[in-house]
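Everything below concerns the one structure shown next.
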Number of protein chains: 2
Amino acid sequence: MTSPGRVRATVHDVAAHAGVSRGTVSRALNGTGYVSAEARARIEAAIAEVGYVRNNAARNLVMRKTWAIGFVVHEPHQLFLEDPNIGGILLGTNAVVAEADHQLVVLVVDSDDDAARVSSYLRGGFVDGAVLVSARSHDQVADAVEEIRLPAAFVGHPEGRPAIPYVGIDNRAAARTLTTRLRDTGRRRIGMLASALDRDSGADRLAGFRDALGPRFDEHLVVADPLYSYHAGVSTMTELLRRAPDVDGVFAASDAVAAGAIEALRSAGRTVPDDVGVVGFDDSAWALRCNPPLSTVHQPAAEMGRAAARLVLEQLEGRTPESVTLPTDVVWRDSA
Amino acid sequence: MTSPGRVRATVHDVAAHAGVSRGTVSRALNGTGYVSAEARARIEAAIAEVGYVRNNAARNLVMRKTWAIGFVVHEPHQLFLEDPNIGGILLGTNAVVAEADHQLVVLVVDSDDDAARVSSYLRGGFVDGAVLVSARSHDQVADAVEEIRLPAAFVGHPEGRPAIPYVGIDNRAAARTLTTRLRDTGRRRIGMLASALDRDSGADRLAGFRDALGPRFDEHLVVADPLYSYHAGVSTMTELLRRAPDVDGVFAASDAVAAGAIEALRSAGRTVPDDVGVVGFDDSAWALRCNPPLSTVHQPAAEMGRAAARLVLEQLEGRTPESVTLPTDVVWRDSA
DNA sequence: TTGTACGCGTTATCAA
DNA sequence: TTGATAACGCGTACAA
């Protein structure tokens with residue numbers, strides 16, 4: 001099990017070449033403590049001469065710090081490949097983490113095996129903190145994080161993890177804006193395709209819908225499904241049409257749901273937006289792929305990533321930051 | 001700079017609790033060497049009792065191995081966010097690396113600063129090997145890899161790096177297939193929007209185009225641009241129309257170029273595919289976004305990722321693997 | 001089958 | 001301002 005490359009130079013070698021002690025070299029390297037200009041010059045020459053590069057395993061061992069932060073993406077294949085939000089979050093997190101001289105390490109959870117391996121990676125002390133994207137409540141990775149008290153932050157808001165701060169968006173306010181607009185553009189019978197009412201995001205979107213409609217809210221026009229999926233959109237829209245054939249406005253709880261709804265409407269011979277106005281949520285890849293393109297809520301992905309990174313960094317400094325809720329923008333396209 | 005958590009248990013603690021020596025615990029942990037069933041049982045109990053978790057910094061230091069492999073993504077924002085190929089490559093690499101009990105660590109290069117930081121990360125011995133996606137020839141990261149002789153593999157084929165094996169596709173054969181089909185479906189005046197002729201991929205695509213046309217090849221109908229970009233597509237298509245107003249088939253060197261070409265054709269009042277058939281290359285996000293959707297060359301992304309991972313793993317075992325060229329599939333959609 | 005003792009390459013403490 | 005020297009936590013010959 002010999003390593004293939006040549007043996008790397010150590011501080012010891014540098015010290016010998018420079019005619020100083022290891023301690024002096026270390027101080028020069030880290031800019032900490034005193035070191036004379038002359039010694040520094042000799043050390044720098046020696047470093048170049050022997051091709052020294054610091055051994056981080058040794059450094060991490062003694063410093064109990066890795067200068068690395070994990071970015072755990074916990075999505076089914078499809079979403080990871082398609083959802084532009086994930087990429088934006090990643091870039092935002094990376095920017096802040098890099099600025100703080102840490103290294104971002106992206107860990108992909110794509111199977112149960114992956115979850116186990118990533119958990120033990122986090123437990124293994126390879127990173128000083130972690131950003132968790134779209135984790136669920138019962139999540140092996142989150143368990144590990146909580147158990148070892150790894151400084152971490154969620155992007156999104158899984159319930160039942162009060163110990164870990166999160167970066168969320170104001171689902172309720174966004175839903176309110178969307179629904180109000182539907183109403184103000186003349187829609188009289190407005191329904192909602194609600195999803196995941198057992199999660200905060202789902203419940204809050206329904207609450208915002210209700211807020212906007214006030215006394216005109218009609219429980220009969222809310223059709224629920226456990227999932228934020230295309231198929232959920234098809235089936236709930238079909239059911240909504242059955243309950244209220246004269247529906248002319250629909251708030252779908254996500255873009256995928258909206259896409260399914262549009263398909264169901266088309267099958268039923270309705271046109272969008274003429275017969276029925278449809279709005280979605282997330283501004284995911286679905287939004288532009290739909291025909292017509294979806295009016296939807298744009299998530300400030302990069303800013304969410306930046307905020308999550310700051311949450312972790314602050315914990316690294318010993319602080320106990322509060323969770324963050326970010327405002328959203330609604331983008332009006334052609335579907336309503 | 002005290003760490004926030006409680007002090008973690010060490011092999012020493014486990015040994016004390018189990019009433020054995022540190023050496024025995026270590027052997028039990030790694031399944032190497034002899035250890036009695038009784039001792040093993042006591043050790044396992046002790047591990048659970050004190051909540052031991054191995055310190056990898058120490059382990060890496062002594063073993064000179066990290067069990068981690070880097071995945072360096074070196075793309076401008078846009079591409080990273082949009083190109084589904086990257087995600088596929090990532091998932092493929094992750095699967096193989098995980099199978100080999102290594103951890104994949106994704107490093108995003110999104111700026112010059114990032115390049116410097118990632119380079120020093122690789123130099124720092126945090127990973128045992130690396131997969132480099134779409135690196136360019138003059139690349140700080142590749143320099144680092146070559147210099148420290150880190151076991152690595154490219155996805156794609158940058159020139160001037162003979163020391164590092166790569167996973168590529170047969171650009172020439174794919175271009176030949178595409179062009180032949182254009183010819184066989186009755187196109188008489190077929191042009192090519194060539195890009196990046198200074199790179200192997202660009203040169204090979206042109207060579208395949210020429211192969212397919214044989215004696216009917218007309219240099220006049222090849223318009224070149226340095227970039228694989230949408231704008232390159234617009235300008236080269238415009239120029240091609242100027243040179244040959246009767247052109248009825250176009251091979252664009254990438255999907256982005258094809259998208260630009262379609263736009264230019266539309267501006268010129270030509271319809272696709274009726275007036276002019278257009279084919280692209282890559283099966284990227286552009287392909288489906290185009291109207292009509294593009295006929296193009298599908299890259300076997302996951303398999304490319306798997307192959308690259310294998311290339312690295314083999315080097316870790318001391319072998320010297322050859323570069324790999326993978327076959328591609330052409331997907332026929334509506335643009336030609 | 002088990003225990004002892006050394007080495008991995010740094011950083012940090014403290015006396016000089 | 002510098003140099004010894006002690007950790008850091010683990011794997012592993014080698015001896016028992």
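Within every chain, numbering begins at 1; the chains are lettered A, B, ... in the order of the sequence lines, protein sequences first and strands thereafter. FYI, side chains are in, hydrogens and waters are out, and symmetry mates aren't considered; it's all heavy atoms of this structure.
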- Rounded off to whole Å, could you give me the CG-to-P distance for the B:L29 and D:dG9 pair? 15 Å
- Query: Where the side chain of A:A58 is concerned, which of D:dG9, D:dT1, C:dT10 is the nearest nucleotide?
  - Reply: C:dT10
- Heavy-atom closest pair, residues A:F71 and A:L90: CZ-CA, 3.6 Å
- Query: What closest approach, in Å, do A:D139 and A:V141 show between heavy atoms, and which atom pair accounts for it?
  - Reply: OD1-N, 2.7 Å
- Does the A:Q140 side chain pair with the main chain of A:S119, one donor and one acceptor, at a distance under 3.5 Å? no
- Report the distance from atom NE2 of B:H12 to atom C1' of D:dG9, rounded to the nearest whole Å. 11 Å
- Would you say the side chains of A:D110 and B:N94 form a donor-acceptor pair under 3.5 Å? no
- Taking the side chain of B:Y34 as its heavy atoms from C-beta onward, which of D:dC10, C:dT2, D:dT1 lies nearest to it? C:dT2
- Separation of D:dC10 C1' from A:N60 CG (nearest whole Å): 15 Å
- Message: Would you say that more than 12 heavy atoms from the other residues, nucleotides or ligands in this model lie under 6.0 Å from the CD of B:E322, or not?
- Response: no
- Which nucleotide in D:dA6, D:dG11, C:dC8 has an atom nearest any side-chain atom of B:M63: D:dG11
- Query: Do the side-chain N or O atoms of B:Y52 get closer than 4.0 angstrom to the phosphate oxygens (OP1, OP2) of D:dC10?
  - Reply: yes
- For B:L61 and C:dT11, give me the distance from atom CG to atom C1', rounded to whole Å. 13 Å
- Item | Where B:V312 and B:G129 come nearest, the two heavy atoms and their spacing | CG1-CA, 4.0 Å
- Message: For C:dT11 and A:N30 - does any side-chain N or O of the residue sit under 4.0 Å from the phosphate oxygens OP1/OP2?
- Response: yes
- For the pair made of CZ in A:R54 and P in C:dT11, what is the distance, rounded to whole Å? 7 Å
- Item | Close approaches to DNA chain D from residues 35-42 of chain A, in residue order (heavy atom, under 4.0 Å) | A:V35, A:S36, A:A39
- Taking only N and O in the side chain of A:S26, is any of them less than 4.0 Å away from OP1 or OP2 of C:dT11? yes
- Message: At 10 degrees resolution, what angle do the end axes of the helix from C:dT1-D:dA16 to C:dA16-D:dT1 form when each is taken over five base pairs?
- Response: 40°
- Task: Taking all non-hydrogen atoms of both residues into account, name the closest pair between B:R161 and B:F154 and its distance.
- Result: CB-CE1, 3.6 Å
- Does a side-chain N or O from B:R22 land closer than 4.0 Å to OP1 or OP2 of C:dT2, or not? no
- Task: Tell me yes or no: between the side chains of A:R59 and A:N30, is some donor less than 3.5 Å from an acceptor?
- Result: yes
- Message: I need the CZ-P distance between B:R64 and C:dC8, as an integer number of Å.
- Response: 7 Å
- Less than 3.5 Å between a donor and an acceptor, one on the side chain of A:R27 and one on the base of D:dG3, is that the case here? yes
- Query: Do the side-chain N and O atoms of A:T66 and A:D128 include a donor-acceptor pair separated by under 3.5 angstrom?
  - Reply: yes
- Message: Could you report the tightest heavy-atom contact between A:W67 and A:D101, atom names first, then the distance?
- Response: CE3-O, 3.8 Å
- Message: Does a side-chain N or O of A:S21 approach OP1 or OP2 of D:dG3 to a distance below 4.0 Å, or not?
- Response: yes
- Message: Does D:dG3 have its OP1 or OP2 closer than 4.0 Å to a side-chain nitrogen or oxygen of A:T24?
- Response: yes
- Item | Whole angstrom value for the distance that separates P of D:dC8 from CG of B:N56 | 18 Å
- Message: What's B:V62 touching, base or sugar-phosphate or nothing? Going by heavy atoms closer than 4.0 Å.
- Response: base
- Query: Can you check whether A:R59 has a side-chain N or O nearer than 4.0 Å to OP1 or OP2 of D:dC8?
  - Reply: no
